[in-house]
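One structure is given below, encoded as structure tokens.
Throughout, protein chains are lettered first and strands after them, A, B, ... in sequence-line order, and every chain is numbered starting at 1.
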Amino acid sequence: MTENILVICEQRDGKLQKVSTELIGKARQLIEKKQGQKVVALLMGDKIAGLAQDLVNHGADKVVYVDNPALKDYMTETYTKAACAVLKSENPDMVLVGASSIGRDLAPRIAARIKTGLTADCTTLEIDDETGELLMTRPAFGGNIMATIICPDHRPQMATVRPGVMVALNPEQKTGEIVDFAVDFAPEDTNVEILETTMITKESKDITQAAILVSGGRGVGANFAPLKELADVLGGEIAASRASVDAGTAHKDMQVGQTGKTVRPEVYFACGISGAVQHTAGMEEAALIFAINKDTTAPIFDVADVGIVGDVHKILPKLVNRIRNEK
Amino acid sequence: MKIIVCIKQVPDTNEVRLDPKTGTLIRDGVPSIINPDDMCGIEAALQLKDQYGCHVTAITMGPPQADVALREALAMGCDEAYLVSDRAFGGADTWATSSTLAAAIKKLGYDLIITGRQAIDGDTAQVGPQIAEHLGIPQVTYAQNIEKTEGNALIVQRQYEDRYQKIKITCPALITALSSLNSPRYMSVAGVVSAYDTKEVKLLTFEDLKDHVAEENIGLKGSPTKVKKSFPKQVKAQGVKHEVDEDEAVEIIVKKLKEHFVL
């Protein structure tokens, strides 16, 4: 067995997903404690060899890619088979996977097949100074408590991490080892048939990538227009708490929190959001948090850098005007 | 078609509160519910039953108290219910839970298995795919629509962040249900009566399953992961709360945005 860390990267339609480089960035940080060991990136797909250099530039020492027409679209069995073949050959000590709807389908299947532990949606990954084990910390009970999980007797130690939780390194031109790994697929490996794929056209951008988020909750009611105006004037996006999504005011894609997305913007405006742990679990890492809420006892004020007790619908229009004048 | 629905009894995490002094969970008085995604799994199975006359079995692994969750599943219209319960199964992580449930499912026989996407107390989404792996059958996760087609095949609409796909899958197979799949039906009065009077919750212990799963693959011993510690969430240093009029509030926000070079 090696002491290497392997990152299972994700591409869709030949486009590298950001969570992959975020995890390579994290693996680089972890590998510092394991001198002489490598960060290995695994990439699977069809005609994806061209993406390998990008992974090297983001910090991978070695890229192993499996390029095969059978991997054109993500399918559980073909991807599990390819990943298990590479894991057997590479024998890493740790495996990191993005907790996307693909990673969360693939990683448990791999872990069950090779009989090892898997810890989902980790928010902190550290190496134990004494044992060298991976300490995988994740929220549990709807984000109400944190649990640190270890995998003492099975290897590799596997963890999934949500997009936006770790930070990618800035790419630099680097040289690394790039390996074309062949996997033989049998016809029965393709055990489902994709009949059609429909892209979801989004009204707003991906909130996990936004630098500024203006987020609304129950206290906003059905009218998100003032939030949208503030987001527009600041060049940000709008987001929402579960209450607004459940009420049908906001789309599920906009939901921040334990059951939604984890975001880490520069600025987060929590408007009319009470601040249940369920919500704050997804946004408390924001660099600067404003909370506006009528209820002076709302728990959102505990995580906010600046709390304003007041009415969102009265404050936001004035704020938008003021910022417009500023520009 | 024989459908097995896997459900989990969970504490309603929306109702969980922390003891402000000790930072520990206050579990007293927190209601136990059937995990919301699993409710949609039950409903999906019952809709297939309504249309095609399938036989629906609900199973759960848990302590004896989980009987209530199975009674609710019976009251909704499931035909049979099994409680997989034994001290030997205790302390299981997702690997051992899925190998135990897979053993029970193998014993009962099945064409289709439906689980919820994930449980609200753990949020791992791992047990469904891992059951499928232990049984060596295909899976479609994140299902937002299920239709039966010719023979033993189903067409499942599978959701991704940026797209959805229509996927044809042939039984035996496993599907994990999203909460957007359907709106679970309510229990009927007659259903509740029959759930307690005529229907029964049958128990499956390790003794019943030992032909299908080895002792080293269940419970704490069969679990590759261990909880090293759990702790309350660190609350970050509290900021400043202003109770001021709107114009002053605007000035405070603008000043802060300037300090951070946003403006």
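- Residues forming a salt bridge (charged side-chain N to carboxylate O under 4.0 Å, His left out) with A:Arg12 (at least two apart in sequence, or on another chain): A:Glu10, B:Glu161, B:Asp162.
- Residues satisfying the salt bridge (charged side-chain N to carboxylate O under 4.0 Å, His left out) test with A:Asp189, not counting sequence neighbours, are A:Lys81.
- For A:Ala281, the parts sitting under 4.5 Å from any heavy atom of chain B are the backbone and the side chain alike.
- Residue A:Arg113 qualifies as enclosed at atom CZ: its count of foreign heavy atoms under 6.0 Å is above 12.
- Across all non-hydrogen atoms, the minimal contact from A:Val267 to B:Val262 is CG2-CG2, 3.6 Å.
- Of the two parts of A:Leu234, only the side chain, counted from C-beta on, holds a non-hydrogen atom closer than 4.5 Å to a non-hydrogen atom of chain B.
- Interatomic distance, A:Leu288 CG to B:Leu257 CG, rounded to the nearest 0.5 Å: 6.5 Å.
- Using a 4.5 Å cut-off between heavy atoms, A:Thr76 contacts chain B through its side chain alone, with no backbone atom that close.
- Residue-level contacts of residues 165-176 of chain B with chain A, in order of numbering, are B:Gln165, B:Lys166, B:Ile167, B:Lys168, B:Ile169; threshold 4.5 Å between heavy atoms.
- Within the 3.5 Å criterion, the main-chain N or O of B:Asp247 finds no donor-acceptor partner in the side chain of A:Arg322.
- Put simply, NZ on B:Lys256 and CG on A:Asp305 are 6.5 Å apart, with the number rounded to the nearest 0.5 Å.
- Here B:Lys228 does not pair with A:Glu133 in a salt bridge; the nearest charged N to carboxylate O distance is not below 4.0 Å.
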Show me the donor-acceptor pairs, under 3.5 Å and distance only, between side chains in residues 213-221 of chain B and residues at least two apart or in other chains.
{"from": "B:Asn217", "atom 1": "OD1", "to": "A:Lys115", "atom 2": "NZ", "distance (Å)": "2.7"}

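- More than 12 heavy atoms of other residues, nucleotides or ligands shown are found within 6.0 angstrom of NZ on B:Lys226.
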